[in-house]
Protein chains: 2
Amino acid sequence: MELHEPDLTAVPVTAVLAALADDVRLQIVRALADGGEAACGSFDFGVSKATRSHHLKVLREAGLTRTRAAGTSRLVRLRRDEVDTLYPGLLDAVLTSRPTA
Amino acid sequence: MELHEPDLTAVPVTAVLAALADDVRLQIVRALADGGEAACGSFDFGVSKATRSHHLKVLREAGLTRTRAAGTSRLVRLRRDEVDTLYPGLLDAVLTSRPTA
DNA sequence: GGTGTTGTTCGATCGTTGTCGAACAAGGGT
DNA sequence: ACCCTTGTTCGACAACGATCGAACAACACC
């Protein structure tokens with residue numbers, strides 16, 4: 001399986017913002033904010049696994065996450081350093097905002 | 001005319017991000033980044049005035065801009081301080097990104 | 001009052017996207 | 001080999017949103 005993980009600089013800002021402008025995806029990003037890895041299945045936010053897979057794809061193709069295979073699972077992690085370098089303050093601003101605002 | 005300018009804290013983060021996740025609106029925000037006021041008509045980015053009015057409404061209702069009447073015109077300005085207080089780094093991150101990325 | 005300028009609103013269209021179930025693929029375990 | 005778990009992909013559907021032209025409203029100015 002080809003994992004499409006673009007260079008962040010190649011992703012339009014609007015695409016990055018659009019990727020973050022969704023409740024489910026924001027919850028995923030929040031869950032990854034500690035820098036750790038998590039399996040796709042660990043993000044159970046009341047959506048089907050098809051939908052979850054879709055959201056993870058959006059985040060990945062926006063250059064926000066990296067994914068690696070581990071057995072039958074896939075481990076996802078936030079590309080925190082790269083995002084912070086290109087958009088300093090963006091993740092902090094989004095992550096420190098109270099959930100379900 | 002009732003101008004709907006919500007308290008920023010009452011706007012979901014996703015709505016703020018969604019408001020910024022559009023090329024036309026991002027151009028508007030960039031044009032207002034210097035802190036000045038501008039008439040709606042000054043944002044001529046190749047869209048009709050109906051579309052422009054729609055985008056300004058989205059920005060206003062996301063709590064990102066304020067609008068005041070001035071004759072037949074309406075002057076728009078960015079709510080920079082408030083946004084920076086609630087989402088420090090967000091506007092900077094977005095505004096310093098190279099346009100047409 | 002009439003005309004022109006500036007914006008907003010309405011209705012319609014059309015592409016995008018969030019959502020699901022079902023089918024499929026790849027591994028691990030017994 | 002078989003099955004179960006984990007994800008992805010494929011249609012389909014519904015909701016949303018960007019866009020436009022046209023109609024309307026508010027104001028200024030002559």
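Computed from a predicted structure; not experimentally measured. In what follows, every chain begins at residue 1, and chains take the letters A, B, ... in the order their sequences are listed.
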**Prompt:** Between B:Thr72 and C:dT5, is there a side-chain N or O to OP1/OP2 distance below 4.0 Å?
**Reply:** no

**Request:** Count the heavy atoms belonging to other residues, nucleotides or ligands that lie under 6.0 Å from CG of B:Asp7, then report whether that count exceeds 12.
**Result:** yes

**Asked** With a 4.0 Å cut-off, would you call B:Glu5 and B:Arg66 a salt bridge?
**Response** yes

**Item:** 5' priority, DNA chain C, between A:Gly71 and A:Gly46 [closest heavy atom]
**Value:** A:Gly46

**Request:** Give A:His55 one of three labels, base, sugar-phosphate or nothing, depending on what nucleic acid heavy atoms sit under 4.0 Å from its own.
**Result:** sugar-phosphate

**Item:** Closest-nucleotide ordering on DNA chain C, the 5'-leading residue of A:Arg52 and B:Leu56
**Value:** B:Leu56

**Atom-to-atom span, CZ of B:Phe43 to P of C:dT6 - whole angstrom** = 14 Å

**Asked** Between B:Arg74 and C:dT8, is there a side-chain N or O to OP1/OP2 distance below 4.0 Å?
**Response** yes

**Request:** Report yes if some heavy atom in the side chain of A:Leu90 is under 4.5 Å from a heavy atom in the side chain of A:Leu20; otherwise report no.
**Result:** yes

**Asked** Does CG belonging to A:Asp34 count more than 12 external heavy atoms closer than 6.0 Å?
**Response** yes

**Asked** Has A:Ser48 got a side-chain N or O lying under 4.0 Å from the OP1 or OP2 atom of C:dC20?
**Response** yes

**Request:** For A:Ser73, report the nucleic acid contact type (base, sugar-phosphate, nothing); a contact means any heavy atom under 4.0 Å.
**Result:** sugar-phosphate

**Request:** Taking only the side-chain nitrogens and oxygens of B:Arg25, find out if one of them lies under 4.0 Å from OP1 or OP2 of D:dA18.
**Result:** yes

**Fill in**
Which of D:dT6, C:dT19, C:dT8 is nearest the side chain of A:His54? It is C:dT19

**Separation of atom NZ in A:Lys49 from atom C1' in C:dA22, rounded to whole Å** = 10 Å

